[in-house]
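Have a look at the structure below before the remarks.
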Number of protein chains: 2
Amino acid sequence: MLKLTKKADYGLIAVKHLAELGPNGSCSAKDIAEAYHLPAEALAKILQKLVKSKLLVSHHGTNGGYALARDARQISALEVIRAIDGPLFITSCLPYDTGGCEQSGCCTVREPLRQVNESIRALLEDIKISDMRDSRQRHTAAAPTTQLEELVTLR
Amino acid sequence: MLKLTKKADYGLIAVKHLAELGPNGSCSAKDIAEAYHLPAEALAKILQKLVKSKLLVSHHGTNGGYALARDARQISALEVIRAIDGPLFITSCLPYDTGGCEQSGCCTVREPLRQVNESIRALLEDIKISDMRDSRQRHTAAAPTTQLEELVTLR
DNA sequence: CGATGTACGACCTTTTAAGTCGTATATCAA
DNA sequence: TTGATATACGACTTAAAAGGTCGTACATCG
């Protein structure tokens, strides 16, 4: 029902953690798992996927670990999610090129849902790791909104 | 991975079908199931949920069936989805009031994701059944965009 | 070489989705 | 009033996906 998998959640947490270490910051899978109480071996496999997708780089051996492959402002939430969960489709009959389901031809909601899908995709693509801040504490203050808040309050 | 369930798909198809019958149009679950090759008994249960949620009204007996409870312009995609799949949350740790997961307290992505969730919710809430049109055929023509296209091309 | 770490595949468990079956109940029409 | 048509509803079964574990191999540093 329109949920991210836990793997994607874990991935976002880990990437955000690496981002907060600053440029050249590095960290092992085990360290991240302990910091957020995540299953270490599951997280390791997620991080490996992110390396394959060129979002992270890995370093073997003593004091090894993972680091961002590029600036946090150039990594979108969509990229992380897509690297872990695969392409993002709101319904199983998307995308069009894979033949579609038994209902194709008489299904009248497919194209409208594709548009919705594209809209969500665009939203996630614009949200960069560097935008992800917890803004709850600032409710009373007249502080300027975060970039994420601006993006998310589109309409 | 951010998918609607098939049940929600079926529900949207059925509600859209009823909408296309025009006001006072009525149709049995079996008719809809046959028209779109959907499992009849599963669809019936979905329609019953929509009746409970006051989106449809049902009529027993010969020539009975289901009909929209109100105008198609006043039924949002979100309402249909929520009636079938329950409340819409992008992650399992939302909403805040149910205690949260083991990571709460150290999870740094929860609030950003809540904002994303709210944005998607608002998007689906604005899309009414009457907005759901297939606009593929009009690619060549310089026709005005549909309401859905406007909504969906937010940015 | 040994400690520390990533890399990777196989496997198991749990949860959720999806669909089926059986039965009860309401309504209309002949 | 009886039979055909429909909805209403719960229990059950099957199938698929998510989530997590285990074992092993390989790379690097000190």
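Every chain is numbered from 1, with letters handed out A, B, ... down the list of sequences. The figures here come from the full heavy-atom set of this structure, side chains too, leaving out hydrogens, waters and symmetry mates. Just so it is clear, the structure is predicted and the values come from calculations on it, not from any experiment.
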Check: Mind checking whether B/Cys27 and B/Leu21 have side chains closer than 4.5 Å, heavy atoms only?
Finding: yes
Rounded to whole Å, the NZ-P distance (A/Lys3 to C/dT16) equals 8 Å
Whole-Å distance, A/Leu38 CG to D/dG19 P, equals 13 Å
Side-chain N,O (B/Tyr66) to OP1/OP2 (D/dA8) below 4.0 Å: yes
From CG of B/Leu50 across to C1' of D/dT7 the rounded distance in Å is 14 Å
Atom OH of A/Tyr10 and atom P of D/dG19 are separated, to the nearest Å, by 7 Å
Heavy-atom nearest nucleotide on DNA chain C taken for A/Ser28 and for B/Asn63; more 5' hit belongs to A/Ser28
Rounded to whole Å, CG of B/Leu2 lies from C1' of D/dA18 at a distance of 15 Å
Quiz item: Under 4.0 Å: is that the gap between some side-chain N or O of B/Ser58 and OP1 or OP2 of D/dA6?
Solution: no
Rounded to whole Å, the NE2-P distance (B/His60 to D/dT7) equals 8 Å
Picking from D/dC22, C/dA7, C/dA3, the nucleotide nearest the side-chain atoms of A/Glu41 would be D/dC22
Out of C/dA3, D/dG10, D/dG20, minimum distance to the side chain of B/Lys45 belongs to D/dG10
Of D/dT21, D/dA18, D/dA4, the nucleotide closest to the side chain of A/Thr5 is D/dA18
**Asked** What is the nucleic acid contact for A/Ala29, judged by heavy atoms within less than 4.0 Å: base, sugar-phosphate only, or nothing?
**Response** sugar-phosphate
Taking B/Ser119 for its side chain and B/Gln115 for its backbone only, find out whether a donor-acceptor pair lies under 3.5 Å. no
A/Gln48 atom CD is separated from C/dA7 atom P, nearest whole Å, by 5 Å
From CD1 of A/Ile84 across to P of D/dA18 the rounded distance in Å is 13 Å
_Base, sugar-phosphate or nothing for A/Lys52? Non-hydrogen atoms, less than 4.0 Å._
sugar-phosphate
(message) Determine whether a donor-acceptor pair (N or O, by modelled atom type, separation under 3.5 Å) exists between the side chain of A/Glu34 and the backbone of A/Asp31.
(response) no
Of A/His59 and A/Lys7, the one whose nearest nucleotide on DNA chain D sits closer to the 5' end is A/Lys7
| request: Select base, sugar-phosphate, or nothing to describe what A/Lys30 touches, counting heavy atoms under 4.0 Å on all strands. | output: nothing
Q | Heavy-atom side-chain proximity of A/Ile75 to A/Val80 below 4.5 angstrom | A | yes
Exercise: do A/Thr91 and B/Asp9 side chains pair donor with acceptor under 3.5 Å: no
